[in-house]
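Below: one structure, written as structure tokens.
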Amino acid sequence: MSTTTVYKVSGMTCGHCESAVRKEVSAIAGVTSVEAAAATGLVTITTAGPLDDEAVRAAVDEAGYELSGRA
């Protein structure tokens, strides 16, 4: 059963930003889909199971942005 979680990320302003966030978050185990939208600051993540918020925070930090929390 897949789970979809939406997070608010600050600092994304363009397609390159979206790509960087997608790349890092996609590397988290169990993630099957990532959509990042700079216009809204929302990142929608679909996973095969439960998602660890701290893993998402670390991936977003690695990409150079800040996770504000769940939307």
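All values below come from the heavy atoms of this structure, side chains included, with hydrogens, waters and symmetry mates left out. Numbering starts at 1 and runs along the sequence shown.
Ser2 places no side-chain N or O within donor-acceptor distance of the main-chain N or O of Ala48, the cut-off being under 3.5 Å.
The side-chain heavy atoms of Ile45 and Val25, taken from C-beta on, include a pair separated by under 4.5 Å.
The shortest heavy-atom contact between Val43 and Met12 is CG2-CE, 4.0 Å. Tyr65 and Ala20 make their closest contact through CE1-CB, 4.2 Å (heavy atoms, listed as atom of the first residue, atom of the second, distance). Considering all non-hydrogen atoms of both residues, Leu51 and Arg70 come closest at O-NH2, 4.1 Å.
Considering only residues two or more places apart in sequence or on other chains, Ala71 meets the side-chain contact (heavy atoms from CB on, under 4.5 Å) condition with Val6, Leu42. By the side-chain contact (heavy atoms from CB on, under 4.5 Å) test, Ala37 pairs with Thr40, sequence neighbours left out.
Residue pairs meeting the side-chain hydrogen bond (donor to acceptor under 3.5 Å, both in side chains) criterion with at least one partner in residues 5-22, sequence neighbours excluded, are Tyr7-Asp53. The salt bridge (charged side-chain N to carboxylate O under 4.0 Å, His left out) contacts involving residues 23-39 comprise nothing, where partners must be two or more places apart or lie in separate chains. Applying the salt bridge (charged side-chain N to carboxylate O under 4.0 Å, His left out) test to pairs two or more places apart or on separate chains, none has a residue in residues 59-68.
Considering Val34, Ile28, Thr47, Val31 in turn, Ile28 is the only one that fulfils the side chain to side chain contact (heavy atoms under 4.5 Å, CB included) rule with Val56.
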